[in-house]
Protein chains: 2
Amino acid sequence: MKMSELSAATGLAIPTIKYYLREGLVPPGVRTARNQADYGHDHVHRLRLIRALVEVGELPISTVAAIVAAVDDETRSTHDVLGVVHHALALRGAHGDEPTEVDDAVPEIEALLADLGWRVSPRAPAVRELARVLVTLRRLGWEVGTEVFRRYARAADQLAAWELKQTGRSGRRAETVEGAVVGTVLFEAALAALRRLAEEHHSAARFGAPEPTSARQQEPTG
Amino acid sequence: MKMSELSAATGLAIPTIKYYLREGLVPPGVRTARNQADYGHDHVHRLRLIRALVEVGELPISTVAAIVAAVDDETRSTHDVLGVVHHALALRGAHGDEPTEVDDAVPEIEALLADLGWRVSPRAPAVRELARVLVTLRRLGWEVGTEVFRRYARAADQLAAWELKQTGRSGRRAETVEGAVVGTVLFEAALAALRRLAEEHHSAARFGAPEPTSARQQEPTG
DNA sequence: GAGTATGGATCGTAGCACTATCCAGCGGCC
DNA sequence: GGCCGCTGGATAGTGCTACGATCCATACTC
C-alpha cells in the first residue's frame with residue numbers, strides 16, 4: 001500500500017500522515033526504493049487508533065505518542081500501559097504550577113480511597129485530579145467534603161469491576177492492551193455523554209419547558 | 001477593589017483579566033475615573049467560575065463566554081442553560097466535517113434512548129457524540145451494538161436522577177443555574193477520575209504486579 | 001520517455017490563550 | 001503641589017500545537 005492509498009483508506013491527508021511518521025506515532029513503511037515505501041493494514045489500524053485518541057479522547061499528539069509507544073513495548077504489562085493512559089488522561093488539564101491547596105486536599109482524597117477499600121498507587125494522577133475538583137468546588141463556595149464523591153465512586157466501582165471482567169479474554173497481549181486503552185478512553189467519553197443525556201432527561205422533568213415538543217435547543221454563538 | 005487587588009484575590013495575571021474583560025467573560029468594573037474602575041466580590045467569583053470551567057472542564061474561552069452569557073441571561077431557565085452547557089461540552093471534540101457513518105449511527109442511539117425511556121431532544125449534542133464513539137469502536141474492529149452502552153446508561157441514569165434531586169433547593173435562580181453548570185462540568189471530571197481509580201484498583205487485581213509496594217508509575221516523556 | 005506521483009526534509013501557517021508594550025491620566029505621599 | 005509609579009484601555013506580539021505547503025531527486029505509469 002502506498003501512502004496515497006493509506007491516506008484514502010483512513011481519510012487523513014498525506015501531510016498529516018507524514019507528520020505522524022515524523023513524530024513516531026506510526027512506524028515507517030517498508031522501504032522498497034529510495035522514494036517508495038509499503039504500508040500495510042497495521043498502519044491503517046494504527047492511524048485509526050491515533051484518530052480515536054485524538055478526536056474522542058482529545059489527547060495531544062505528544063501524549064498519543066507516549067501511549068502508542070507503551071502499547072508497542074512488549075515488556076509492559078496491561079496494568080502498566082493502563083497506568084500510562086491514566087497519566088495521560090489526567091494530565092490534560094494540568095498546567096504545572098498549582099496552588100498548595102491541592103496538595104493539602106490530597107490526603108482527604110486518600111482517606112476516601114482507603115475508606116472505599118481501593119488499593120491504588122498514591123501517585124496515581126487521578127488522585128490529584130480529584131483533589132483539584134474538590135478545591136475548585138470550595139473556591140466556588142461549596143462547603144463540601146469528599147462525601148460528595150461517594151455516589152460517583154460507587155457507580156465507578158461497579159462499572160470498573162464489570163469492565164475489567166470483560167477485558168483481555170482473548171489472552172493475546174496486543175489485543176488486550178489495545179482493548180484496555182480504547183475502552184478506557186472511549187467509554188470515558190461515552191459515559192460522560194450518557195450522563196449528560198440522563199441529566200437532560202431528568203432536568204426536563206425538574207425544570208423543563210412544559211411542552212416537550214417545543215423544547216428549544218440553543219446554538220451558542222461561535 | 002482595584003484590578004491589582006482583583007488579580008491578587010484570584011491569582012490571575014492582570015493581562016489575563018484584561019483579556020477576559022475584552023472577551024466579555026467578566027463584566028466591566030464600575031468606572032470611578034477615566035483610568036480607575038472598581039471591582040467587587042462578584043468579579044472574584046466570576047473569575048473563579050471561569051477558571052473552573054477552563055481548568056477542570058477544559059473548555060475554550062469562547063465557549064466559557066457563551067456559558068456565562070447564558071448564566072447571566074435572566075430569561076433563560078435552568079434547563080435552558082444546561083442545554084448550552086451540554087452543547088459546549090459535546091462540542092469540544094467536533095471538527096466540523098464528519099463522515100456520514102456518524103449520521104447513520106444516530107438512529108441506533110435514538111433507539112437506545114427510546115428503549116431506556118429517556119425523553120431528550122433529538123438534537124441533543126450528546127447523541128451525536130455517542131454515535132461518534134460507536135462508529136469509532138467499529139472502525140477499530142469492535143463488532144458492537146448500542147448494548148455496550150447499556151451498563152453505562154444505567155449508572156448515568158441513577159446518578160443524574162440523584163443529582164437533579166439535589167439541584168436548586170435554594171430556589172434562587174442565580175444559585176441554581178450556577179450550581180447546575182458547575183455540577184455538570186466538575187462532577188464529569190470527578191466521575192472520570194474516579195472511574196480511572198476504580199479501574200486501577202480492579203486492574204491491579206486482574207493484571208497487576210505481584211508486589212503492590214513496588215508498583216511503578218511511569219512518567220511519559222514530555 | 002514524458003509526465004506525474006512518491007517519500008523525505010524544511011519551512012510556513014492558523015488558531016488559541018494569553019502577554020508585552022504603549023499611552024494618557026490619576027493617586028498618593030512627601 | 002510636584003513627581004513617580006500605578007491605572008485601565010488599546011494594539012500588537014508571543015509560544016505552542018497540529019498540521020499544510022513547497023521543494024527535491026527519484027521512480028512508477030502509460
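Numbers restart at 1 for each chain; the letters A, B, ... are given by sequence-line order, proteins then strands.
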In whole angstroms, how far is the P atom of C:dC11 from the CZ atom of A:Arg22?
12 Å
Between CE of A:Met1 and C1' of C:dA5 the distance, given in whole Å, is 17 Å
Between A:Ile14 (CD1) and C:dT4 (C1'), how many Å, whole number?
13 Å
For A:Arg138, does the CZ atom have more than 12 heavy-atom neighbours from other residues, nucleotides or ligands under 6.0 Å away?
yes
Distance, rounded to the nearest Å, where A:Leu59 contributes CG and D:dC19 contributes P:
13 Å
From OH of B:Tyr19 across to C1' of D:dG8 the rounded distance in Å is 19 Å
Side-chain donor/acceptor contact of A:Arg31 with base of D:dT26 under 3.5 Å
no
Looking at D:dG9, C:dA17, D:dG8, which one has an atom nearest to any side-chain atom of B:Pro60?
C:dA17
Just the rounded figure in Å: distance from C1' of C:dT6 to CG of A:Leu6.
13 Å
If you check every side-chain atom of A:Gln36, which of C:dA17, C:dG8, D:dC28 has the closest atom?
D:dC28
Side chains of B:Trp142 and A:Val182: does their closest heavy-atom pair fall under 4.5 Å?
yes
Is the backbone of B:Met3 close enough, under 3.5 Å, to the side chain of B:Ser7 for a donor and an acceptor to pair up by distance?
no
Is a salt bridge present between B:Arg195 and B:Glu199, judged by a nitrogen-to-oxygen distance below 4.0 Å?
yes
Can you check whether any acceptor in the base of C:dG25 is under 3.5 Å from a donor in the side chain of B:Asn35, or vice versa?
yes
Between D:dG8 and B:Lys2, counting only base atoms on the nucleotide and side-chain atoms on the residue, is there a donor-acceptor pair under 3.5 Å?
no
